[in-house]
Amino acid sequence: MSQENEHVQCLIIGSGPAGYTAAIYAARADLKPIMYTGMQAGGQLTQTTDVENFPGYPQGIMGPEMMEDFRKQAERFGTDIRFGYVSSVDFSSAPHKIVVDEIKTITADTVIIATGATAKWLGLPSEQQYNGFGVSACAVCDGFFFKGQDVAIVGAGDTAAEEATYLAKLCKTVHLLVRRDEFRASKAMVSRVLATPNIIVHYNTETQEILGNGKNVTAVKVVNNKTNEETDIAVEGFFVAIGHKPNTDIFKGQLDMDETGYLLTKPGSTLTNIEGVFACGDVQDMYYRQAVTAAGSGCMAALDAERYLAAKEHPVEA
Ligand code: NDP
């Protein structure tokens with residue numbers, strides 16, 4: 001065990017749009033932030049291809065390139081960006097203790113958590129092979145690329161229902177693959193799906209394989225789990241909407257979270273239940289999950305951290 005110890009004013013955990021934006025604001029406010037990137041530096045966007053809905057990129061940009069821009073901008077103002085993962089935290093007393101890569105302990109006056117969420121995948125090899133080339137876990141991000149085409153989407157919760165209706169506005173036909181004989185989604189969402197003429201719901205249907213020509217998706221092989229009948233449905237796009245897992249395991253027992261693990265923040269802010277600990281981006285947002293909303297909340301987290309430090313330094317007399 002290393003005895004190495006370091007103290008910082010502001011430690012940022014995670015390097016997606018939320019983390020980098022927090023870093024830009026914190027660095028410009030002279031909080032001298034240190035960021036630990038996590039194992040997937042750049043976050044979920046490094047796994048996408050074109051990003052066309054982030055303001056400021058009129059021609060669109062590739063996800064990894066955009067995250068490179070975010071990183072450079074955070075570095076420009078002096079953020080100390082380090083590759084490494086936070087293996088445990090102790091928020092029971094101030095300053096907060098953060099252990100990195102299981103060996104290095106850092107103490108921090110403020111901690112900004114931007115660890116994101118991970119999309120759940122079916123786990124098929126073909127799903128990974130065509131990820132970014134027809135396979136996507138975000139209809140709002142990638143639906144546009146399948147305008148006028150046929151697509152399939154797997155899932156039966158509110159996300160799948162919402163994304164299926166979103167895709168139906170853009171695509172010719174949307175095949176919604178539901179593994180049971182009923183939805184999990186709310187009644188209102190299901191009614192909307194059933195009332196949309198170009199959504200075809202396939203109940204009791206499981207995905208066996210995503211088929212392609214080596215470059216792009218061409219069809220999805222499904223099986224009816226009641227009749228065992230196999231069918232190939234011709235599609236150009238395949239969307240996975242079976243839920244996300246927030247990356248919050250290391251905060252269990254220390255920070256308030258909902259039953260699915262999303263961190264709870266005070267409404268309209270990034271404040272967690274622990275003073276000096278702030279959460280931004282997908283780790284505390286199961287609804288919007290967009291790069292631009294994550295970036296916006298990253299800005300909020302840095303401002304909240306800055307104000308917290310200022311109030312500690314210059315307490316207002318009661
Ligand atoms: P959920 O966990 O609610 O639903 C996941 C769905 O995916 C379930 O229907 C599940 O099927 C299905 N599924 C899981 N694994 C597989 C698999 N291997 N193959 C096929 N299907 C699978 O996740 P959501 O992302 O839909 O929603 C998360 C939360 O966010 C929910 O609380 C939801 O209400 C909320 N939300 C609310 C919205 C709104 O109000 N506008 C919009 C989006 C989300 P099964 O049912 O058989 O278990």
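On a predicted model such as this, the values are computed, not experimentally measured, just so you know. Only this structure's heavy atoms are used, side chains among them; waters, hydrogens and symmetry mates stay out.
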- Please walk me through it: do Asp285 and Ser297 pass side-chain hydrogen bond (donor to acceptor under 3.5 Å, both in side chains)? CA-CA 10 Å; Asp285 170 24; Ser297 72; over 6 Å; no
- Item | CA sep, side-chain torsions, deciding dist, call: Asp158, Ser186, side-chain hydrogen bond (donor to acceptor under 3.5 Å, both in side chains) | CA-CA 6 Å; Asp158 282 328; Ser186 58; 3.2 Å; yes
How many angstroms lie between [atom1] in [X] and [atom2] in [Y], if you round to the nearest 0.5 Å?
| X | Y | atom1 | atom2 | value |
| --- | --- | --- | --- | --- |
| Asn247 | Ile13 | CG | CD1 | 11.5 Å |
| Tyr308 | Thr270 | OH | OG1 | 12.5 Å |
| Glu127 | Glu209 | CD | CD | 9.5 Å |

- Query: Between His175 and His202, what is the ring plane arrangement, given parallel below 30°, perpendicular above 60°, and tilted in between?
  - Reply: tilted
So with a 6.0 Å cut-off around [atom1] of [X], is the heavy-atom count from everything else above 12?
| X | atom1 | value |
| --- | --- | --- |
| Tyr25 | OH | no |
| Arg76 | CZ | no |
| Glu275 | CD | no |
| Lys245 | NZ | yes |

Less than 4.0 Å between a side-chain N and a carboxylate O, is that true for [Y] and [X]?
| X | Y | answer |
| --- | --- | --- |
| Arg71 | Glu68 | yes |
| Lys104 | Asp101 | no |
| Asp282 | Arg289 | no |
| Lys187 | Glu182 | no |
| Arg28 | Asp30 | no |

- Query: Under 3.5 Å, is there a donor-acceptor pair between the side chain of Asn213 and the main chain of Thr218?
  - Reply: no
- Would a distance-only check, ignoring hydrogens and angles, find a side-chain to backbone donor-acceptor pair under 3.5 Å from Thr79 to Ile81? no
- Task: Identify the heavy atoms of Gly148 and Lys172 that sit nearest to each other, and give their distance.
- Result: O-CB, 3.6 Å
- Task: Check the pair Tyr57 / Asp69 against side-chain hydrogen bond (donor to acceptor under 3.5 Å, both in side chains), numbers first and verdict last.
- Result: CA-CA 11 Å; Tyr57 291 106; Asp69 283 349; 3.0 Å; yes
- Would a hydrophobic clustering, with Ile, Leu, Val, Met, Phe, Trp and Tyr connected at side-chain separations under 4.5 Å, put Ile210 with Val151? no
- Item | Intermediate values then yes/no, side-chain hydrogen bond (donor to acceptor under 3.5 Å, both in side chains), Asp109 and His7 | CA-CA 8 Å; Asp109 296 325; His7 182 78; 3.1 Å; yes
- Task: Could you tell me if the ring centre of Phe54 sits under 6.0 Å from that of Phe70?
- Result: yes
- Message: For Phe83 and Tyr36: C-alpha separation, side-chain torsions, deciding distance, then whether ring pair (Phe, Tyr, Trp, His ring centres under 6.0 Å) applies.
- Response: CA-CA 6 Å; Phe83 183 76; Tyr36 277 95; 9.6 Å; no
